[in-house]
**Student:** 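Okay, here's the structure, questions in a sec.
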Amino acid sequence: MSKLTLKTEGDTHVVVTRRFAAPPEAVYRAHMEPKLVQQWMLGPEGWTMPVCINEARPGGKIRYEWTNGKGGGFYLTGEFLELKPYNKIVHVERMHLPDPTPDNHVETTFEPDGPGTLMTMRMTLPDPQTRAAMLATGMERGMEDSYVRLEKMIGNLIPASR
Amino acid sequence: MSGSFNLDASFAAVADPTRRAILAQLAVGEATVMDLAKPFKMTQPAISQHLKVLEEAGLIVGRIDGTRRPRRLAKAGIDAMDQWLAMLRKALERNYDRLDQVLAAMESNKDKERKTR
């Protein structure tokens, strides 16, 4: 059973929820402390985040840089708007691919859920097209591994005649 | 082998970011070449070319309405979009599975600290 839900809401929102076994304080810290963020916010296998800057105050800067170690990379910048330890993070972010994407406004809340936490991440994009583009970009990354598997599958179907 | 041809065409069609964005736009509702050319900042022939690829891949269908020819998503197109969402979900889930491990490590470090105190 998947603990994650991902759905679009209205024309411009994407809402992600996820439950964690740890209490809100730990989940909040794992989203804010660079040494912890660098251990998990990585995307597909093989990617790392050598740069992780989180200035934990309203107006504070965010900068994450990812690399696949093979010359591929991109980065994200943003600013914190509101921080309410250990319950709420509000920030804006944009991806640089390398041109910056339109601002994504993200409100993340951490509510106690028994001994654990229910995280709700609500993203607001400036317009429906930006949301579609963001989903497509995220999908591209998720699809990378799938394309590799597909290639292997197709490779196996072709007899080794040469 | 028409089945494998369609599979190839579908994968090739959705491998292009502009065509994915066109599909996303058509998911909102029917649109003509003119409707699509404006927001995508592309010429009408360029949009027509993308639409042709999508049509041949069976992802969109058109109908005739006087001089207009609005396109909409075919059922296969909607299914493809659903599949993409599932992929994104999987990529996010991979991150959060790692976060579960980070949280477990934080918890066991706290236990150790407690014991050494």
Side-chain angles (χ1 to χ4, degrees), chain A residues 2-8 11 14 16-23 25-31 33 35-45 47 49 97 115-117 119 121 127-147 150-151 153-154 157, chain B residues 1 3-5 7-8 10-29 31 35-42 73 77-78 80-111:
Chain A
S2 178
K3 291 177 272 188
L4 180 108
T5 71
L6 169 85
K7 57 179 189 189
T8 55
D11 281 346
V14 177
V16 175
T17 69
R18 176 69 152 78
R19 283 171 207 280
F20 296 98
E25 180 180 344
V27 185
Y28 180 96
R29 284 181 51 209
H31 276 77
E33 294 175 22
K35 278 199 168 61
L36 298 172
V37 174
Q38 282 171 307
Q39 291 176 46
W40 68 270
M41 208 184 278
L42 302 173
E45 289 306 320
W47 285 75
M49 191 198 284
L97 304 162
T117 301
M119 183 199 78
M121 186 164 64
D127 51 67
Q129 242 142 15
T130 304
R131 183 180 71 180
M134 188 201 70
L135 290 173
T137 310
M139 286 169 224
E140 238 163 75
R141 269 185 219 110
M143 277 173 90
E144 248 178 36
D145 299 5
S146 309
Y147 274 127
L150 184 74
E151 268 165 19
M153 211 170 73
I154 293 166
L157 293 176
Chain B
M1 294 289 279
S4 62
F5 171 76
L7 182 71
D8 283 353
S10 302
F11 271 104
V14 300
D16 180 89
T18 304
R19 288 196 287 270
R20 276 201 299 274
I22 290 173
L23 284 179
Q25 186 59 32
L26 291 177
V28 183
D35 297 335
L36 292 166
K38 210 194 245 169
F40 286 102
K41 296 192 181 102
M42 289 176 78
L73 280 192
I78 296 160
M81 296 276 294
D82 282 349
Q83 225 174 340
W84 287 342
L85 276 181
M87 301 265 192
L88 179 57
R89 206 174 281 138
K90 226 160 93 186
L92 272 176
E93 189 61 76
R94 207 174 302 154
N95 267 358
Y96 289 130
D97 285 346
R98 267 191 294 255
L99 176 51
D100 282 336
Q101 289 167 27
V102 170
L103 293 169
M106 285 166 77
E107 199 56 33
S108 73
N109 279 345
K110 221 163 67 185
D111 286 348

**Student:** To the nearest 0.5 angstrom, please state how far the CZ atom of A:R29 sits from the CG atom of B:L103.
**Tutor:** 10.0 Å

**Student:** Quick one: closest heavy-atom pair of A:H31 and B:Y96, and the distance?
**Tutor:** NE2-CE2, 4.5 Å

**Student:** What distance do A:M119 atom CE and B:L99 atom CG have between them, rounded to the nearest 0.5 Å?
**Tutor:** 8.0 Å

**Student:** Can you tell if the side chain of B:R94 reaches within under 4.5 Å of the side chain of A:L42, non-hydrogen atoms only?
**Tutor:**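 Not in contact.
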
**Student:** What's the separation between atom CD in A:E33 and atom CE in B:M106, rounded to the nearest 0.5 Å?
**Tutor:** 6.0 Å

**Student:** Give a yes or no answer on whether the side chain of B:N95 reaches the backbone of A:M41 with a donor-acceptor pair at less than 3.5 Å.
**Tutor:**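 Checked: no pair found.
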
**Student:** Taking only residues two or more places apart in sequence or in another chain, which ones pass side chain to side chain donor-acceptor pair (under 3.5 Å) with B:D97?
**Tutor:** A:R18

**Student:** Examine whether an atom of A:V27 lies under 4.5 Å from a heavy atom of chain B, and if so say whether it belongs to the side chain, the backbone or both; otherwise answer neither.
**Tutor:** both

